[in-house]
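Heavy atoms only: backbone and side chains are in, while hydrogens, waters and symmetry mates are out. We count ligands from 1, going down the list as the structure has it; atoms in each ligand are counted the same way. Small disclaimer: the values here were computed from a predicted structure and weren't measured.
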Amino acid sequence: MNHLVNILSNITGRKVIFPFYHAVADTIPIHLKHLYSVRNTALFERDIQLFLKNYEAISIAKASEYYAKNNKHAFCLTFDDGLREFKELAWPILKKYYVPVTLFVNTAFVDNKDLFYRFKASLIMDKLLSESAIDFKKTNEILGTNLQNKNSLIQFIMQINYANRGKLDALAILFKVDFTQYLKDNKPYLTTAELLELQSEGVTIGAHSHDHPLFNELSLSEQLLQISKSMNWVIENFKQDIKAFSFPFTDFGLKAKLFENIFDKENPILNISMGTAGIKKEVFANHLQRIPLENSLKTAKQILIKEYLYYIIKFLLNKNTIRR
Ligand SMILES: [Zn+2]
């Protein structure tokens, strides 16, 4: 065991952890390039070795039980967005070390039917970086802005939200970025057939909403529709015992009413749901918080130590449990 990680997990009493990723890539695809720090295969393999040295690898089916008992060091690994890099680069490494994993997918994007609006923003940003003559008059008409330079335009584009995502499609036409062609040429997402193949090799498939909205911008009924629509598709296609869901972006600001609905005693929509708040306790026993590993290219050891120290500070401030 690594000394410091071990000491900190014992001091904090947080023995079961939930690291999560989106992709692993040695050449970062353009649709991910401007969004987060994608780890290469060597760094990812080091992460896995660090986890295995300090924690037992457990599947999502055991996550709630282990988390509640909290008497063994364990890690439960998940990936979001259902990307091809998971199958091609991450899964071979996980198989090599016998690490169980869950892959959360969006129903609107599986089979490369459409592209997540943030991926669209990354593609447009990349095009603009090499563009010398930008038509600001037309751009400002589309955006309803008065932007005068490339930097402020890029900044604006990277902040376009789910409700305004249609503007990205309009900008793509203006800047000649062809999303349909990109989907065809690059196939960023896994297909249903590929997901079934992964499932047959031991991967658990979970839902990650229909088209990846930021949940706290939706009404309660819209939130429930996003969950049930994607979860029902997973249930129908993958016939698994566990109904698992990870919230797109963040579960920050989501109300108790939503979780009371999801985990209804008579008729629960889900068995387990996951957020992205790091090491934090939750009042809802089947809602678990995960640790993001892609905010930087620091090693898993550095990230875990920082998360544990941050947890201690939150504990001292009495802010280590999320109240809704
Ligand atoms: Zn996602």
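Legend: side chain to side chain donor-acceptor pair (under 3.5 Å) pairs involving residues 169-178, not counting sequence neighbours, sorted by first then second residue: Lys120-Asp169.
For Phe247 and Phe249, the gap between ring centers reaches or exceeds 6.0 Å. A distance of 6.0 Å or more separates the ring centres of Phe179 and Phe109. With ring centers used as reference points, His22 lies under 6.0 Å from Phe20.
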Notebook entry, point to check: side-chain contact (heavy atoms from CB on, under 4.5 Å) between Phe104 and Ser230: does it pass, once the steps are laid out?
Noted result: CA-CA 10 Å; Phe104 293 105; Ser230 57; over 6 Å; no

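Excluding waters, the set of protein N/O/S atoms under 2.8 Å from the Zn ion (ligand 1) reads Asp81 OD1, His208 NE2, His212 NE2.
In plain terms, the two heavy atoms of Phe18 and Ala63 that are nearest each other are CE2-CB, 3.7 Å.
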